[in-house]
Amino acid sequence: MLPILFSIGPVHIYSYGLMIAIGILVAYSLVERKFRKFGLENGRLEWLFFSVIGGGFLGSKLLYWITRLPDIPNDPTILTNLGDGWVVYGGIIGGFIAGWIYCKNHGMDFWQIFDLVIPNVALAQGFGRIGCFLAGCCYGVEMKSFGIVFPVNSLAPSGVSLFPSQLIMSAFDFGLFFFLEWFTSKKKFKGEVGAIYLLAYSFGRFIIEFFRGDLVRGVVNGLSTSQYISILTAIVGIAVIFVGRKRSKENHES
C-alpha cells in the first residue's frame, strides 16, 4: 500500500523494515521489564536478544530459499535479494533454536525464558504484518464483494480487490499477545505459555493460508508449505502440553 514511507536523498525508508524494527524494539522493552520483575540478569538479555534475532532472520531466509529451490537456477537473485523473501515460520524455528543454544550454553532455564519472551514475539509479529500490508506482500486471494485494492507500486497485484490477509493476521497476532499475557499467570508448568503460542499460532496460520493469494512458496496436495509446518508445530505444542501437565500432576501427587 505504501512500500516507501519517505526518502532522504538517495536513502529510502521502507515501511516493512520500519514496522519490523518497531515491533522488535517494543517487544524488547517489554521483555526487559519482565527480566527486572523476575530478577533475571539484564546483561544476558541483550545477547540472548541478538542471538534470537540473528537466528530468526537466518531461519526466515533459509526457509524462503528452500521453498524457492526450483526457481533459483533461473533467477539467482533470489539468493542475494535481501529486500524481500522472508518466511515467518523460518524465523520462529531459527529463533527458537538460537535461543535454546544460548540458554543451554549460559546455564539459563530455557522454558522459563521461552514463556517470558513468546508473548512479545506475537506482538512483534503483529507489527510485522502491518509492514506486510504496507509493502503489499503476503497478500490475499482475489475477492468480488469486498477487499483492498493495492496501487501499482506495491508487491501485491494492483487494480484488483484482494482479501486483507495481512491485517487479519496482524489482528490475530495482537490478540494472541494479550491472551498469552493473561494466560501467563495461570500456567501450570514452565513452557506452557510457549506451547499455547505454538498451538494457537499454528491454528491461525493454517486457516489464513487458505485466503493467501501469493502462492510463490509452493502448494502440495492443496496445502501450502506453511500449512504443513503449522501441522508439525501444532503437534509439538500439544506434545509439550501433554508432557508438561503430566509431569506437573506427578509432582503435585508425590
Side-chain angles (χ1 to χ4, degrees), residues 27-28 30-41 44-45 48-49 51-53 55-56 59 63 87-126 129 168-210 223 225-254:
Y28 178 82
L30 294 177
V31 172
E32 190 176 31
R33 292 181 184 179
K34 292 181 180 179
F35 264 57
R36 288 198 300 266
K37 178 181 178 181
F38 288 93
L40 298 172
E41 187 179 343
R44 288 280 177 85
L45 174 60
L48 173 64
F49 172 79
S51 298
V52 171
I53 293 298
L63 186 55
V87 179
V88 171
Y89 262 129
I92 294 173
I93 296 171
F96 181 93
I97 294 174
W100 180 81
I101 293 174
Y102 184 89
C103 289
K104 180 178 176 64
N105 290 337
H106 293 85
M108 300 173 71
D109 187 334
F110 171 75
W111 293 108
Q112 179 189 20
I113 301 300
F114 190 38
D115 281 347
L116 289 178
V117 171
I118 203 64
N120 303 100
V121 170
L123 179 66
Q125 288 176 316
R129 286 302 180 189
I168 298 296
M169 202 62 197
S170 177
F172 175 82
D173 289 330
F174 285 130
L176 182 56
F177 161 71
F178 287 111
F179 172 76
L180 293 175
E181 286 289 288
W182 169 80
F183 183 79
T184 297
S185 62
K186 303 182 180 300
K187 69 175 185 177
K188 294 182 174 60
F189 62 90
K190 292 179 181 179
E192 188 173 20
V193 177
I196 293 296
Y197 165 83
L198 290 177
L199 191 57
Y201 182 81
S202 298
F203 175 79
R205 185 61 186 271
F206 187 89
I207 298 301
I208 199 67
E209 283 291 309
F210 287 116
L223 297 180
T225 302
S226 293
Q227 286 177 311
Y228 284 108
I229 298 176
S230 293
I231 294 172
L232 293 176
T233 52
I235 292 174
V236 171
I238 292 172
V240 172
I241 292 173
F242 177 79
V243 174
R245 290 190 174 180
K246 182 179 179 180
R247 288 179 178 176
S248 177
K249 183 179 180 180
E250 291 173 350
N251 291 336
H252 283 301
E253 292 176 349
S254 60

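Nothing fancy with the numbering, it's 1 onward along the sequence. These numbers were taken from a predicted model, which means no experiment stands behind them. Computation of the quantities below employed the complete heavy-atom set of this structure, encompassing side-chain atoms and omitting hydrogens, waters and symmetry-equivalent molecules.
- Using bins of under 30°, 30° to 60° and over 60° for the plane-to-plane angle, the ring pair Y89/Y201 lands in the perpendicular bin.
- Side-chain contact check for S51 versus I101: every heavy-atom pair is 4.5 Å or farther apart.
- Below 30°, between 30° and 60°, or above 60°: for F210 and F206 the angle between ring planes is above 60°, a perpendicular geometry.
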Checklist line | side-chain contact (heavy atoms from CB on, under 4.5 Å) between I238 and L198, worked out | finding: CA-CA 9 Å; I238 292 172; L198 290 177; over 6 Å; no
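- Shown here for L63 and G90, the closest heavy-atom pair between the two residues is CD2-N, 3.3 Å.
- Nearest heavy-atom pair across A234 and L199 is O-CD1, 3.8 Å.
- One finds no salt bridge joining E192 and K186 here, because no Lys/Arg side-chain nitrogen approaches an Asp/Glu carboxylate oxygen to under 4.0 Å.
- Going from atom CD1 of I207 over to atom OG of S202 covers 11.5 Å, rounded to the nearest 0.5 Å.
- Taking the ring centroids of F96 and F114, they lie under the 6.0 Å cut-off.
- The two residues C103 and L48 come nearest to each other via the heavy atoms SG-CD1, 4.3 Å.
- Atom CZ of F203 has 12 or fewer heavy atoms from other residues, nucleotides or ligands within 6.0 Å.
- Residue N120 holds its CG atom at 11.0 Å from CD of Q125, rounded to the nearest 0.5 Å.
- Rounded to the nearest 0.5 angstrom, F183 CZ and I196 CD1 are separated by 4.5 Å.
- E181 and K34 are joined by a salt bridge, as a carboxylate oxygen and a charged side-chain nitrogen come within less than 4.0 angstrom of each other.
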Item checked: Verdict with supporting geometry, L176 and Y197, side-chain contact (heavy atoms from CB on, under 4.5 Å) -> CA-CA 8 Å; L176 182 56; Y197 165 83; 3.7 Å; yes
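- Side-chain contact between L123 and D173 is absent, with no heavy-atom pair separated by less than 4.5 Å.
- Looking only at side-chain heavy atoms (C-beta outward), I118 and V121 come within less than 4.5 Å of each other.
- Residue M169 comes nearest to I208 through the heavy atom pair SD-CG2, 3.7 Å, listed as atom of the first residue, atom of the second, then distance.
- D115 places a side-chain N or O within donor-acceptor distance of the main-chain N or O of G194, the cut-off being under 3.5 Å.
- Considering only heavy atoms from C-beta on, F189 comes within 4.5 Å of R245 through its side chain.
- Of all heavy-atom pairs between G55 and A98, the closest is CA-CB, 3.9 Å.
- The shortest distance between side-chain heavy atoms of Y28 and V117 does not fall below 4.5 Å.
- When only modelled atom types and interatomic distance are considered, S230 and R205 share no side-chain donor-acceptor pair under 3.5 Å.
- How far CZ of F178 is from CG of L180: 11.5 Å, rounded to the nearest 0.5 Å.
- The main-chain N or O of Q112 is found under 3.5 Å from a side-chain atom of D109 such that the two form a donor-acceptor pair.
- Taking CE of M108 as the start and OH of Y102 as the end, the distance is 6.0 Å to the nearest 0.5 Å.
- Distance check, rounded to the nearest 0.5 Å: OG of S226 to CD1 of I231 gives 11.5 Å.
- At a threshold of 4.5 Å between non-hydrogen side-chain atoms, the residues V31 and L116 do not count as touching.
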